[in-house]
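Whatever order the structure lists ligands and atoms in, that order sets their numbers, starting from 1.
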Amino acid sequence: MCSFRLCTQAVFHETGFKKMDISKAKKNAIGRGTAIIYDEEMARHKLLWDHPICSFEVPERLTLSHDRLKHYGLLERCVPVPVREATDEEILLVHSSDYLESVKTTETMNTTELKTFSDNFDVAYFHQSTFRCAKLSLGATLQLVDTVVMGQVQNGMALVRPPGHHSQQNQASGFCIFNNVAVAAEYAKRKHGLHRILIVDWDVHHGQGTQYCFEDDPSVLYFSWHRYEHQLYWPNLTDSNFDAVGKGKGAGFNINVPWNQIGMKTADYLTAFFHVLLPIAFEFNPELVIVSAGYDSAIGDPAGLMSSMPECYAHLTHLLMSLANGKLCVVLEGGYNVSSLTESVCMTVRTLLGDPVPLIKEELAPCLSASETIHNVKVVHQQYWDILKYQDMNSVLVPSTEKLKEEEGATNSLPILDSDPAKSFQLLMEAYIRRILPQVPPVRTAAAISSIKSAVLEKCVKLEDKSLSNEEITTLLSGSDLKCHEDETALLSLGRICCIIQQIIRKQVRNGFAISSDISLASRAALKYSLKSGLKRVLLINTGNMNIPFKSQEDGKVLLLQMYGKQEVEKRTSKHRISLNWQKSIEYSGDFLYALFEIILPLAYEHEPEFIIITVGSENEGAAVSQVVHVMQGLAEGRSLVLIQDSEPQLVDLIAGILLGDVAPRAEPYNPACKENLSSLERQRQELQEHWRMLQYSVN
Ligand code: Q9C
Ligand code: ZN
């Protein structure tokens, strides 16, 4: 008897894909486009005297980021949007006229005067071109907001300098002249009439300038993580600590995540996203997301001393793309290791364009210090956000790193890279990126359906019909407890499903979906076929409540997440078979978002799947299912298969759209969470965190 692998290849090798038109599928897969905004003129701003700290902020940060985008062919895939100068009126949205007038006078200063003027501020330098560049930097940011808000593009990035987030009403600070992102948020409110804007500041420094602008404003939610080290790190403010939550009406709308140790990595950043930012952001439900994108939080940065690899920013970007109908504006801030900066910028833009997100190679568990910080952030924000309300968090804890504050050399304990190691770092980085970049399959989405009935489905590649003989199906299902099926249609559908999986494994196709009359059977077969094909870890998310048999010998290889399982039937027997505990029937609301971001997503990441199967039954609302399908595309390099119950044809277009790269629709309005469900899910998270480190943020 031949082995399963040989037989199935013989069965499927001549199916499908003969007639597909790859160029058409590729073109159609791209959504509304990604803007890139850049002008070489912003490289004119530079340091004219000796200043060890300011010497980091060099023109090459910008020009080399741009070159790198060109190198990867990313630039030509973006929509170029011209920069413009910001007007006085726009600058005055945030800054005082005294400050503006004083900056204007720098245009005609000589070097000595510029130096004297610069010394008025906490780390900033001025050049004759600085005013002009700062106006272009801000103008570029506003151009980005205009094109995204007006829907001319889906998202975009502004490559700008000088940066903005430290700049305040009356002062330059930390290399920043005008606060690009703060003005942009204010502008989006005034000019476009937006009511809710989320600013995500992933720069390694605290954007105190941005915080001060919106502290009492509930229409702008500001989230920042930053190197803090118990206030030993610049800008050394108590205002940067987790207990600065906003003031007056703005209380709860300022979220600080202060890192008390260096060396934070992707898992620490993701933990902050899963357990703080995403649940709150979905409850806030922004109309626009602006990122203060500093890459000094990445590995190799001489200021940040953190450890996240460039692909971290692909994940962060992908997760933010599920908010605000995908309206996402990324604006450059810091980032002083040029190789790390330029590769991270490329990761961001590649993700905005919809390319597959690379796998994470780092350890997927937060460090103790990060968990402690996240715990404390949650404690202080619990009273403001419905979604956090029923987690029993007790009280703020004293970080285990507190004692280090007294120890000499606790900060800046790593050596700063000099120019020679920088070159070796660059080579190392380039080699690493080549190794991790996913191959982009020529076909985005394959459909195992019998007929194509809509414009969305037109964009998918349809598999040709392929009948399986009884013998073939027996082989496929051999060794499983599944009965041989007599139903013609079911057999046909299983054949197509296996064909899709095979094409996904061969990297001919990125993802796919199938409509099936029996998704329980189909998902068993898909699971079996993918394991037999050599995949080591598969994630199966069952968004419905039907029963999927779980075989103990698959333990560890398969993580089965049952979103709406019936508890009494589904007793948990393994850490790899998890059925969420709901007390009441649920809808798309805070409970669902909690389950998705604080349980399902961290578990999915920690499992590190190579392939994902999602089943969609009759219990699901479109909004919920499309969020699940979207966030999961960030894992397994996007290799995923969605199995849709044939009774749910109304979900097919929606799911096909998400797989093709459309944004998940924003749910309106936010439905408050049900207390019983949240408490029960939270209890379950606490039980599970013993086995799953990405669920941990409190230490008892
Ligand atoms: N001893 C940005 O990344 N460091 N700015 C001051 C004083 C200032 C960073 C150190 C770092 C500013 C946009
Ligand atoms: Zn910074």
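By the 3.5 Å distance cut-off applied to N or O atoms, Gly174 is counted among the residues near ligand 1. Close N/O approach between His165 and ligand 1 is not found [any backbone or side-chain N/O within under 3.5 Å]. Of the N or O atoms in Tyr336, one or more lie within a sub-3.5 Å distance of an N or O in ligand 1.
Looking only at its N/O/S atoms, Asp203 has OD1 as the one nearest to the Zn ion (ligand 2). Between the Zn ion (ligand 2) and the N, O or S atoms of His205, the shortest distance is to ND1.
For the pair Lys378 and Tyr697, the cation-pi criterion (under 6.0 Å, within 45° of the ring axis) is fulfilled.
Between Thr238 and Gln231, the closest side-chain pair of non-hydrogen atoms falls below 4.5 Å.
Here Asp203 has side-chain heavy atoms under 4.0 Å from ligand 1, and that is the only part of it that gets that close. Using a 4.0 Å cut-off between heavy atoms, Glu57 makes no contact with ligand 1 at all. Residue Asp296 touches ligand 1 through its side chain alone, judged by heavy-atom distances below 4.0 Å.
Atom 11 (C) of ligand 1 has as its closest protein heavy atom His205 NE2, 3.6 Å. Closest to atom 1 (N) of ligand 1, if we only count protein heavy atoms, is Ile53 CD1, 3.9 Å.
Salt-bridge annotation for Arg227 and Glu229: present, with a side-chain N of the basic residue lying under 4.0 Å from a carboxylate O of the acidic one.
The Pro163 neighbourhood of ligand 1 comprises atoms 13 (C), with distances under 4.0 Å to a heavy atom of that residue. Each of the following atoms of ligand 1 lies closer than 4.0 Å to a heavy atom of Val123: 6 (C).
Ring geometry for Trp385 versus Phe253: interplanar angle over 60°, hence perpendicular rather than tilted (30 to 60°). Between Phe178 and His95, the angle of the ring planes lies from 30° to 60°, which puts this pair in the tilted group. In this structure, Phe223 and Phe273 have perpendicular ring planes: the angle between them is above 60°, well past the 30° mark.
Residue His165 does not count as close to the Zn ion (ligand 2), with no N, O or S atom under 2.8 Å. Coordination check, Asp296 versus the Zn ion (ligand 2): passed, since an N/O/S atom of the residue sits under 2.8 Å.
Of the residues listed (His165, His205, His206), the one engaging Ser224 in a side-chain contact (heavy atoms from CB on, under 4.5 Å) is His206, and it is the only one.
For Phe56, the heavy-atom gap to ligand 1 stays at 4.0 angstrom or more.
Note: Leu364 CG to Glu362 CD = 8.0 Å, rounded to the nearest 0.5 Å. Between Ile53 atom CD1 and Leu47 atom CG the span is 11.5 Å, to the nearest 0.5 Å.
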Take Lys104 and Asp88, measure what salt bridge (charged side-chain N to carboxylate O under 4.0 Å, His left out) needs, and give me the verdict at the end. CA-CA 10 Å; Lys104 279 184 187 171; Asp88 282 8; 2.7 Å; yes
